[in-house]
Amino acid sequence: MIAPKTLKLSIKSLREFAKKRLPDADLIALDERDECPLDIVRHMCSPDKLGIQLLFVPEEYGGFGGGAFDVYCVCEEMARIDLGVATSVLATFLGSDPITVGATPEQKKLWLSRIADEGILFAYGATEPDAGSDLGALQTTADRIEEDGRVAGYRINGSKQWISNGGIADAYTVLANTPNGPSWFIVDRGAPGFSQGKPEDKHGIRLSNTAALSFSDVRVDADRLVGGVEGQGLLQAQAVFGYTRLMVAAFGLGAGWAALDKAIPYSAKRIQAGSPLSEKQGYTHKLIVPNAVRLEAGRAYIEETAERIDAGEGNLNTEGAIAKYMATEAGNSAAEAAIQALGGYGYTHEYLVEKISRDVRITVIYEGTSEIMEMTISRDRWQSHLKTRGRYYHDRATEMEALNARHSDVGAGYAALALHALAEIMEKARTGRLTRHQHILLRLGEWIAYAECAGSLARRAARMADGKLNEKGSQRFDATALAAISRVFGRDAAARVAQEGLRWVTGAGPETAAPDGELAALEAAVNLPAIRRAQTGLLFDMDLVADVLYGRAAKAAAHVA
Ligand SMILES: Cc1cc2nc3c(=O)[nH]c(=O)nc-3n(C[C@H](O)[C@H](O)[C@H](O)COP(=O)(O)OP(=O)(O)OC[C@H]3O[C@@H](n4cnc5c(N)ncnc54)[C@H](O)[C@@H]3O)c2cc1C
């Protein structure tokens, strides 16, 4: 782990470098020219310059050995600067992941030291034209080359699609099918038979190079098979999902806040109908406050998951998926709202919010689409529901009730309502065998994410109140503000789970309407009346969050749990 002071210093240098070398005018010009600023990417990765790569390389190979929390902090900052450049810089981290988790000690020493000492750029080549979300459909092959009765190397044939740094990397980790299954190989840029396509003309992250790769009888020596054992590729890819999805979650968070941080000052100055837009509740409570709240819910889940990964709790793939889902969807929504918030100006290149909106769009696609995240989340928690005979979320709700008893203002009571309702909706889905409908399974993924994030945000607000928040994390909001943010989100989560859940378990049930008594029983089971009552005070809390965001003296808190 990196010491908090060192991390803060690195982030400060990063911010200062970006201010000098990537001013807004340059970002707009590079975006228009569809150009990756390779000199800047190399500067950021060079050990004798900014050396961002060093943060992630383990200490024994010459890096600083940053953990998941450090990665989150740096990724958020990078995304605030430019998501294309962030993608280019962090692609090396992604590309070297199969090596970090699966390589032999000799391979690790060679390649991770080269990243640290030489600042070489990596690309991560998994996706293919016909294998995107479903990597099992992989068609690239790696055939053994046998010499003197031993495997001397492999011959790689096939193609890869949408590879970040595809046209500029020095080395590539490439997933290919061996006789024993998918395996990662390290391929040099200049290998005979290996070619890179021209940069893709993309909707966003136009400062990042994305290119197809083509392999025609590319020979690699046997020591380029990551880990030296065939068939470990998908396991190695999975082993870092929790970590890498947190990285993209932080991208969504950083880009979303970058957009809001343009909309907030703009609306404080923009006068329409005689007063600033920031004073118009119909504006702030639609375009600004809900997005800030959702981003902070994503942050709470990212920070909690990062701390758990750093504490050695394992890969936490499902938690990584929840963090990615919430923060990237929130980032998209915030950037989209920021265009609206700036009106006609938002629709032009000059004000940058439309660029951020195009850029952040990728975060709900790469490293697993939002729909794949919903499926991942839902499948895993469905098993937990079954194994515990429906207790899983009731137990989590009980924990929230205990937290509410200690901190009545941090929204834990609302999170408890959301979690209890979720348990009931899942049970109804089980007895009605509703998860045979894929739509229900995926919607469950969404409600799970909301309910779990409500819990996480309430815990974060309580920790803030107790003065126990991780000092590396964001300190943007004080305890009062964070509690109000949590209450707004908790109410949303409870209403969403109950109302949408009831809608879909009814919608997926028999074609003939259930008797009124049965529907009323279901509403009582999810505690719909209490969830409706819990909306009391919502507007007041949103006013409070708006006041904090605009630096106005907030009204006295009048929350009743
Ligand atoms: C700019 C950019 C950079 C990228 N960088 C990299 C990189 O560096 N390395 C790399 O390996 N890949 C990279 N990718 C690829 C990216 O990870 C894939 O695009 C992504 O995983 C989705 O795959 P796909 O594009 O084939 O879409 P598909 O898998 O075809 O999905 C299309 C749509 O169908 C949905 N869908 C798919 N399967 C299901 C299902 N079973 N049920 C319900 N809905 C489903 C998806 O959610 C999506 O909405 C990059 C992509 C882009 C655009």
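In this chain, residues are counted from 1 in sequence order. For ligands, and for the atoms within them, numbers begin at 1 and follow the listed sequence.
Here Tyr172 and Trp184 keep their ring centres 6.0 angstrom or further from each other. Ring centers of Trp504 and His437: at least 6.0 Å apart, outside the cut-off. Aromatic ring centres of Tyr366 and Tyr124 lie farther apart than the 6.0 Å criterion allows.
The protein non-hydrogen atom at the shortest distance from atom 8 (O) of ligand 1 is Ser164 N, 3.0 Å. Closest to atom 43 (C) of ligand 1 among all protein heavy atoms lies Gln438 NE2, 3.5 Å. Of all protein heavy atoms, the one closest to atom 21 (O) of ligand 1 is Ile365 O, 4.0 Å. Looking at atom 28 (P) of ligand 1, its nearest protein heavy atom turns out to be Ser133 OG, 3.8 Å. At the shortest separation from atom 53 (C) of ligand 1 among protein heavy atoms lies Ile362 CD1, 3.4 Å. Closest to atom 12 (N) of ligand 1, if we only count protein heavy atoms, is Thr127 OG1, 2.7 Å. In terms of protein heavy atoms, atom 45 (C) of ligand 1 is closest to Ile372 CD1, 4.4 Å. Nearest non-hydrogen protein atom to atom 6 (C) of ligand 1 is Trp162 O, 2.8 Å.
Under the 4.0 angstrom criterion, atom 34 (O) of ligand 1 counts as lacking any protein heavy-atom contact. Shown here, atom 41 (N) of ligand 1 is in close reach of the protein: a heavy atom of it lies under 4.0 Å off. Under the 4.0 Å distance rule, the nearest protein heavy atom to atom 3 (C) of ligand 1 falls inside the cut-off.
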Can you give the donor-acceptor pairs under 3.5 Å from side chains of residues 131-140 to other protein atoms, not counting sequence neighbours?
| from | atom 1 | to | atom 2 | distance (Å) |
| --- | --- | --- | --- | --- |
| Asp134 | OD1 | Gly136 | N | 3.2 |
| Thr140 | OG1 | Glu128 | OE2 | 2.6 |
| Thr140 | OG1 | Ser159 | N | 3.4 |
| Thr140 | OG1 | Ser159 | O | 3.4 |

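Side-chain N or O atoms of Asn180 include none that pairs as donor or acceptor with a backbone N or O of Glu230 at under 3.5 Å.
Inclusion of Lys202 in the set of residues having an N or O under 3.5 Å from an N or O of ligand 1 is not warranted. For a threshold of 3.5 Å applied to N or O pairs, the pair formed by Ala126 and ligand 1 contains at least one separation below that value. Looking at ligand 1, you won't find any N or O of Thr210 less than 3.5 Å from one of its N or O atoms. Between Gln161 and ligand 1, no N or O atom pair is found at a separation short of 3.5 Å.
Here Lys160 has no heavy atoms under 4.0 Å from ligand 1, in either its backbone or its side chain. Heavy atoms of Thr87 found under 4.0 angstrom from ligand 1: none, in either backbone or side chain. When heavy-atom distances to ligand 1 are checked against a 4.0 Å cut-off, Ile205 comes that close only through its side chain, counted from C-beta outward.
Contacts classified as side chain to side chain donor-acceptor pair (under 3.5 Å) and involving residues 47-58 (residues at least two apart or in different chains) are given here: Gln53-Thr92.
Taking all heavy atoms of Glu371, His439, Met375 into account, the minimum distance to atom 48 (C) of ligand 1 is reached by Glu371. Proximity annotation for atom 9 (N) of ligand 1: of Phe122, Tyr366, Tyr124, Tyr124 comes nearest, heavy atoms only.
For the residue pair Thr127/Gln161, the side-chain donor-acceptor check at 3.5 Å is not satisfied. Using modelled atom types, one finds a donor on one side chain and an acceptor on the other under 3.5 Å when comparing Glu329 with Ser370.
Near Thr369, the atoms of ligand 1 lying under 4.0 angstrom from a non-hydrogen atom of the residue are 22 (C), 46 (C), 47 (O).
Using a 4.0 Å cut-off between charged side-chain N and carboxylate O, Lys202 and Asp34 make no salt bridge. Under the 4.0 Å criterion applied to side-chain N and carboxylate O atoms, Glu500 and Arg503 are assigned as salt-bridge partners.
Just one of Asp201, Asp82, Asp359 meets the side chain to side chain contact (heavy atoms under 4.5 Å, CB included) condition when paired with Arg206; it is Asp201.
A cation-pi arrangement is absent between Arg21 and Phe17, since the terminal nitrogen or guanidinium carbon is not both under 6.0 Å from the aromatic centre and inside a 45° cone about the axis.
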